[in-house]
Amino acid sequence: MVKAGTWVEIEKVLLTPEQRAPQVPEDTKKVPYVMRVSGFLQKDAELNSEVTVKTLSGRIVDGTLVLVRPHYEHSFGDTVEELLTIGLGGEI
Amino acid sequence: MSRDTSYQAVMARKNEIMKMSMGLDYDVYKTGELAFDYEKMMDDCGFTLEDVIRIQAETKVGNTPIYELKNLTNAVRKTCKPGKGARIFVKDEAANASGSFKARRASISAYVAQQKGYKGMVAASSGNYGAAVASQAAQRGLRCIVVQEIYDSNKIGQPEIVEKARKCEAFGAEVIRLTVGPELFYYNLMVLEETGYFNASLYTPFGIKGVESLGYELVHQIREKTGKDPDAVMITQAGGGNLTGTARGMLAANCNAKVVACSVDLSGLHMASDHDFNRKSFTTGHTGFGVPFAVWPDRADVPRNAARSLRYMDDYILVRQGEVFYVTELLSKLEGMERGPAGNTSLTGAVTLAREMDEDQIIVVQETEYTGAGKHHNSQLSFARQMGIEVRRGDPTEGVNGKSIVIPEHLIQVTGHKQDMQKLRMSYLKNACKHVDPSKWTDVDKAFVAADCKRDLPWLEESLSKLKAEN
């Protein structure tokens with residue numbers, strides 16, 4: 001059970017593959033057009049259930065509850081050794 | 001009554017939504033079948049350059065430092081003929097409130113939105129612009145929604161865009177995260193309709209006016225530092241607003257330096273392909289936007305685009321992904337400045353052009369952008385590897401977009417390649433002919449098309465005859 005008021009992420013299919021814009025390329029046309037947004041959960045709910053959230057702009061949006069307290073994990077990545085020797089004098 | 005939210009129905013309401021969300025009527029500027037009064041549209045937004053500078057100063061935008069990159073210039077001189085190798089300067093636009101020149105672009109829109117009584121702003125942007133709108137909206141007490149294209153269908157986010165989402169949220173904005181596809185525009189319209197917020201499109205006169213201060217400032221700073229005008233200004237080209245605004249600001253300062261566009265060459269990759277999306281190591285400043293917007297600007301989310309880059313462009317250089325990563329690393333190691341790779345596209349172009357210029361000449365790179373987790377060349381290369389792209393040192397011309405990135409072994413291998421301007425202008429002309437048959441063009445249309453190509457009427461007549469002969 002996820003408590004009302006928790007910061008969560010929801011997901012919603014906006015367009016099924018059949019409903020997609022006519023100009024999209026073949027590979028994109030095979031997959032649905034999906035939206036995700038974070039907000040405060042409006043009522044207690046189970047993960048993967050249909051819920052509504054209140055976003056940071058105050059909108060009420062519905063969708064499937066997919067993440068609890070979403071956070072960022074992006075980083076500087078694994079060390080790319082090819083960069084380390086650039087600019088040290090040898091090659092210039 | 002709830003409105004029809006199908007793709008077709010929302011797109012059909014486009015003009016109505018646009019008018020409501022900007023308070024701008026583009027119809028009044030129409031002067032021909034193709035032509036519109038561009039200068040009147042720019043003037044009517046009611047801001048002089050002095051107004052722009054004053055408004056921007058209110059929200060921590062503008063007056064950014066300009067630095068001479070002496071070590072990089074010296075390194076370049078070792079790779080060219082004696083007497084060659086122009087002095088390279090960079091305008092450190094990362095010093096704007098949100099970390100990029102896009103703060104200039106967002107600042108006037110935020111001011112207008114506040115003046116007109118809108119409660120919030122909506123921006124469709126996966127890049128620095130979203131963060132800029134969020135930062136400006138925050139300072140003006142407006143709500144902000146940023147609509148991003150960020151994930152492929154496997155829910156893998158491009159690291160640079162993930163970082164931008166974080167930054168937007170840091171400024172209090174709601175971030176709507178979408179999968180790959182041009183339907184972003186459709187959802188953006190729905191959000192505008194639902195909220196009644198101001199449409200902070202990149203391509204309004206406000207967006208372009210805001211960049212004029214950049215061109216104006218850089219000319220004055222170079223005059224102050226060197227006692228002369230720059231000879232060339234290198235500008236990263238995507239949608240064309242950076243180039244258009246900067247060039248207009250340079251003209252306002254009576255500077256006729258060469259205006260040179262630069263984009264990362266991403267040929268071979270489809271911009272709306274779910275597969276290709278995470279096989280690009282640049283999310284902007286690349287040919288996927290730069291070329292189409294140069295040769296037909298009226299493909300934007302507004303009826304008439306205020307960013308008309310071909311009107312001001314003298315040359316257009318393409319650089320490879322590996323070349324930009326190499327120069328980004330050099331900027332850190334030689335100049336002690338760590339900046340985002342996308343913003344260093346024009347720096348890479350400047351390295352290649354400086355070699356052809358005399359050593360007493362001056363070339364200005366007119367932007368930098370902030371860097372950080374995700375938005376860093378190491379993040380991009382590491383991510384590229386995860387996506388199965390080969391990363392190695394070698395001859396950058398061997399790189400194949402979507403398959404490999406080859407980082408130069410030596411500065412001499414950073415060469416870029418020039419685009420044929422005549423070809424680009426002919427491409428514009430073909431697009432114009434496709435929209436309205438040239439037999440229907442009035443004199444006003446002809447003058448408009450010629451001006452949009454930075455050419456005169458005899459060139460237009462000759463080029464039209466050539467096209468006719470080809471068909």
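The chains referred to below are lettered A, B, ... by the order of the sequence lines, with proteins before strands, and numbering in each begins at 1. Treat the numbers as computed from the prediction; the structure is a model and nothing was measured. Every heavy atom of this structure was used, including side-chain atoms; hydrogens, water molecules and symmetry mates were not.
- Comparing Leu14(A), Leu84(A), Leu83(A), Val61(A) by heavy-atom pairs within less than 4.5 Å of chain B, the highest count is held by Leu83(A).
- Looking at Leu15(A), only its side chain comes within 4.5 Å of chain B, counting heavy atoms on both sides.
- Counting heavy-atom pairs closer than 4.5 Å to chain A, the top-ranked of the candidates Ala165(B), Pro408(B), Ser332(B) is Ala165(B).
- If you measure heavy-atom distances from Tyr72(A) to chain B, the contacts under 4.5 Å come from the side chain alone.
- When heavy atoms are compared at a cutoff of 4.5 Å, Glu194(B) approaches chain A solely by way of its side chain, counted from C-beta outward.
- Ranked by non-hydrogen atom pairs under 4.5 Å with chain A, the options Lys375(B), His270(B), Arg392(B) are led by His270(B).
- Proximity to chain A (any heavy atom under 4.5 Å) is restricted, for Val175(B), to the backbone atoms N, CA, C and O.
- Between chain B and the residues His74(A), Glu26(A), Glu73(A), the most heavy-atom pairs under 4.5 angstrom are made by His74(A).
- Heavy atoms closer than 4.5 Å to chain B are found in the side chain of Glu11(A), but not in its backbone.
- Proximity to chain B (any heavy atom under 4.5 Å) is restricted, for Gln19(A), to the backbone atoms N, CA, C and O.
- Val31(A) touches chain B through its side chain: at least one heavy atom from C-beta onward sits under 4.5 Å away, while N, CA, C and O do not.
- Contacts with chain A were tallied for Ser273(B), Pro182(B), Pro159(B); Ser273(B) has the most, counting heavy-atom pairs under 4.5 Å.
- At a 4.5 Å heavy-atom cutoff, the contact between Tyr151(B) and chain A is made by side-chain atoms alone.
- Atoms NZ and CG, on Lys29(A) and Asp274(B) in that order, are 13.5 Å from each other to the nearest 0.5 Å.
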For Arg143(B) and Thr195(B): C-alpha separation, side-chain torsions, deciding distance, then whether side chain to side chain donor-acceptor pair (under 3.5 Å) applies.
CA-CA 10 Å; Arg143(B) 294 288 179 100; Thr195(B) 58; over 6 Å; no

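- With respect to the salt-bridge test (charged N to carboxylate O, under 4.0 angstrom), the residues Arg166(B) and Glu163(B) qualify.
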For Lys167(B) and Tyr370(B), what are the C-alpha separation, side-chain angles and deciding distance, and is it a side-chain contact (heavy atoms from CB on, under 4.5 Å)?
CA-CA 11 Å; Lys167(B) 198 164 178 79; Tyr370(B) 85 99; 3.1 Å; yes

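- Contact annotation for Ile407(B): only side-chain heavy atoms (C-beta onward) come within less than 4.5 Å of a heavy atom of chain A.
- We find the OG-CZ distance between Ser281(B) and Phe383(B) to be 8.5 Å, quoted to the nearest 0.5 Å.
- In Lys119(B), the NZ atom is not crowded: 12 or fewer heavy atoms of neighbouring residues, nucleotides or ligands sit closer than 6.0 Å.
- With respect to chain A, the highest number of heavy-atom pairs below 4.5 Å among Asp152(B), Ile176(B), Ile150(B) belongs to Ile176(B).
- Using a 4.5 Å cut-off between heavy atoms, Ile412(B) makes no contact with chain A at all.
- Within the 4.5 angstrom heavy-atom criterion, atoms from both the backbone and the side chain of Leu381(B) approach chain A.
- Inspection of the Gln158(B) and Gln380(B) side chains reveals an N or O donor paired with an N or O acceptor under 3.5 Å.
- In the model, Glu149(B) has no side-chain atom that pairs as donor or acceptor with a side-chain atom of Thr179(B) under 3.5 Å.
- For the 3.5 Å distance criterion, the side chains of Arg355(B) and Thr79(B) qualify, holding a donor opposite an acceptor.
- With a 4.5 angstrom heavy-atom cutoff, Gln23(A) touches chain B only via side-chain atoms.
- Using a 4.5 Å cut-off between heavy atoms, Ser57(A) touches chain B through backbone and side chain atoms alike.
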Should Lys155(B) and Val34(A) be marked as a side-chain contact (heavy atoms from CB on, under 4.5 Å) after you check the CA-CA gap, both sets of side-chain angles, and the distance that decides it?
CA-CA 10 Å; Lys155(B) 296 188 184 175; Val34(A) 180; 6.0 Å; no

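- Within the 4.5 angstrom heavy-atom criterion, no atom of Val147(B) approaches chain A.
- A salt bridge between Glu81(A) and Arg385(B) is absent, with no side-chain N of the basic residue lying under 4.0 Å from a carboxylate O of the acidic one.
- Distance check: Phe76(A) CZ to His376(B) NE2 gives 5.5 Å after rounding to the nearest 0.5 Å.
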